[in-house]
Amino acid sequence: MAYDSTRLIAQVTMKGALPNGRFEDTEILDLATDALTSLVVPLINSVREEYYVMSTDISTISGTASYNIPDRAIGQVLREVKLISGTEIVDLIRLDPEDITSTLSGTPSGFYLQANKIVLYPTPNSASTTLRVTYFGRTGYLVATTSAAAITAIAGNVITCTPVTGWTTANTFDLIGGSWLRGYDLAATTVGASSITFTATVPADLAVGDYVALAGYSPIPQCPIEAHALLVQLTVVACLEAMGDLANLGPAKEKADMLAAALKGVLQNRIQGAGRRFTQNLI
């Protein structure tokens, strides 16, 4: 069985010895989503091995200083902000609002944060540069596999699948392969009875057996397979708490702590054969 939401529900029900019918599948997935976003993902990010890093390129607009932080950024936290001009990529320095001393425009050399916006300084005076925003991407809200469409064939920008009833071109879509996003927030020109035609060619690493889901949702927990046991156990803990089962809650929490420690050991240092090199510039 794949490491999808169907398996997750079955594992939680079995390992938690949940009474038959006590929780709806959607309730278990709600609890699992909470555990994934509030506990599993922070643990994975804590090892600083770039698991959830995503990036978005934004074309600068002459005379416009403010640009939105991507909606998918966890906690609206950024990994880094760069400016691309031709073939040159420049790190922008984070500033404090107190550092802003001029209203002049020019090529941005820094930025500061204001609510959910990146404010460039000085204000761009050209539309020929690109703002590259790197951030930690939020995982998809867990849904049943029946709320997504399994891919049976791929041809260019046409994906053969059985779209879920109600999907239209007004929606945007995510492509989930394995445990990870292959593409996200994709628009479609047609949503037919047996296929979806996207506005752009789909990612090359998308494969038959992967899923199409509504943007922001996923039938597969977006985490390394090694983290599934912890996710299951944390969901069991949440179910036991909801039932008020204090007799089993303590041991369940202890097991979750043990699994969390073991997982952190597995995830640290993704490159085992070489150390990191630190340089001022790479040319």
Side-chain angles (χ1 to χ4, degrees), residues 1-47 51-52 72-75 77 136-150 164-166 174 176-181 184 209-268:
M1 182 183 292
Y3 284 86
D4 55 21
S5 58
T6 301
R7 179 186 186 277
L8 177 66
I9 292 167
Q11 288 278 296
V12 170
T13 301
M14 177 184 66
K15 292 186 176 182
L18 303 183
N20 187 36
R22 174 60 180 81
F23 292 96
E24 299 288 341
D25 288 354
T26 53
E27 292 175 323
I28 293 175
L29 292 178
D30 284 345
L31 295 173
T33 298
D34 289 345
L36 179 64
T37 57
S38 65
L39 297 170
V40 176
V41 169
L43 184 151
I44 294 172
N45 276 338
S46 73
V47 302
Y51 279 94
Y52 290 104
R72 292 200 180 217
I74 297 173
V77 174
F136 299 98
R138 185 177 298 111
T139 56
Y141 198 98
L142 292 172
V143 294
T145 54
T146 52
S147 294
V164 176
T165 301
D174 287 352
I176 298 99
S179 298
W180 305 102
L181 278 175
Y184 58 96
D210 291 343
Y211 281 93
V212 182
L214 290 178
Y217 295 85
S218 177
I220 302 175
Q222 290 167 13
C223 60
I225 288 175
E226 291 76 14
H228 280 243
L230 174 59
L231 178 58
V232 167
Q233 190 63 27
L234 290 170
T235 309
V236 167
V237 168
C239 290
L240 295 176
E241 287 178 332
M243 293 191 301
D245 186 349
L246 301 182
N248 292 307
L249 183 58
K253 284 184 174 180
E254 289 178 5
K255 184 172 182 180
D257 290 342
M258 178 186 69
L259 289 171
L263 177 64
K264 195 167 184 177
V266 169
L267 299 180
Q268 288 177 339

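Numbers here are sequence positions counted from 1.
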Smallest heavy-atom separation, L36 atom then Q222 atom, equals CD2-N, 4.3 Å
Nearest non-hydrogen partners of Q233 and A252, listed with the distance: NE2-O, 3.1 Å
Please report, to 0.1 Å, the donor-acceptor pairs under 3.5 Å made by any side chain of residues 22-31, with sequence neighbours excluded.
residue, atom, partner, partner atom, Å
E27, OE1, E24, N, 2.8
D30, OD1, Y141, OH, 2.3

Could you tell me which non-hydrogen atom of I44 sits nearest to which non-hydrogen atom of A227, and how far apart they are? CD1-CB, 4.4 Å
Taking side chain to side chain contact (heavy atoms under 4.5 Å, CB included) as the test, write out the residues that go with L39, two or more places apart. L234
Return the OG1 to CZ distance between T37 and R138, rounded to the nearest 0.5 Å. 9.0 Å
Using only atom types and a distance under 3.5 Å, with no angle test, would you say the side chain of T13 pairs donor to acceptor with the backbone of L18? no
On a heavy-atom basis, the closest approach of Y51 and P224 is CE2-CG, 4.0 Å
Is there side-chain contact between S218 and W180, with at least one heavy-atom pair below 4.5 Å? no
How many angstroms lie between atom OG of S46 and atom CG of L267, to the nearest 0.5 angstrom? 8.5 Å
Would you say D4's side chain and R7's backbone share a donor-acceptor pair under 3.5 angstrom? yes
Going through the distances and angles, do D210 and I176 end up as a side-chain contact (heavy atoms from CB on, under 4.5 Å)? CA-CA 6 Å; D210 291 343; I176 298 99; over 6 Å; no
Just verifying a value: how many Å separate R72 CZ and Y52 OH, rounded to the nearest 0.5 Å? 13.5 Å
With a cut-off of 6.0 Å (strictly less than), are more than 12 heavy atoms of other residues, nucleotides or ligands near OH of Y217? no
Below 4.5 Å, heavy atoms only, C-beta onward: do V143 and S5 meet side chain to side chain? no
How long is the gap from CE on M258 to CG on L263, to the nearest 0.5 Å? 12.0 Å
Measure the shortest side-chain to side-chain distance between L214 and D174 over non-hydrogen atoms and say whether it is less than 4.5 angstrom. no
If every non-hydrogen atom of A35 is compared with every non-hydrogen atom of T235, which pair is closest and at what distance? CB-OG1, 4.4 Å
Between L8 and H228, is any pair of side-chain heavy atoms under 4.5 Å apart? no
In short, P19 meets M243 closest at the heavy-atom pair CD-SD, 3.7 Å
If I take atom CG from residue L142 and atom CG from residue D34, how far apart are they, to the nearest 0.5 angstrom? 10.0 Å
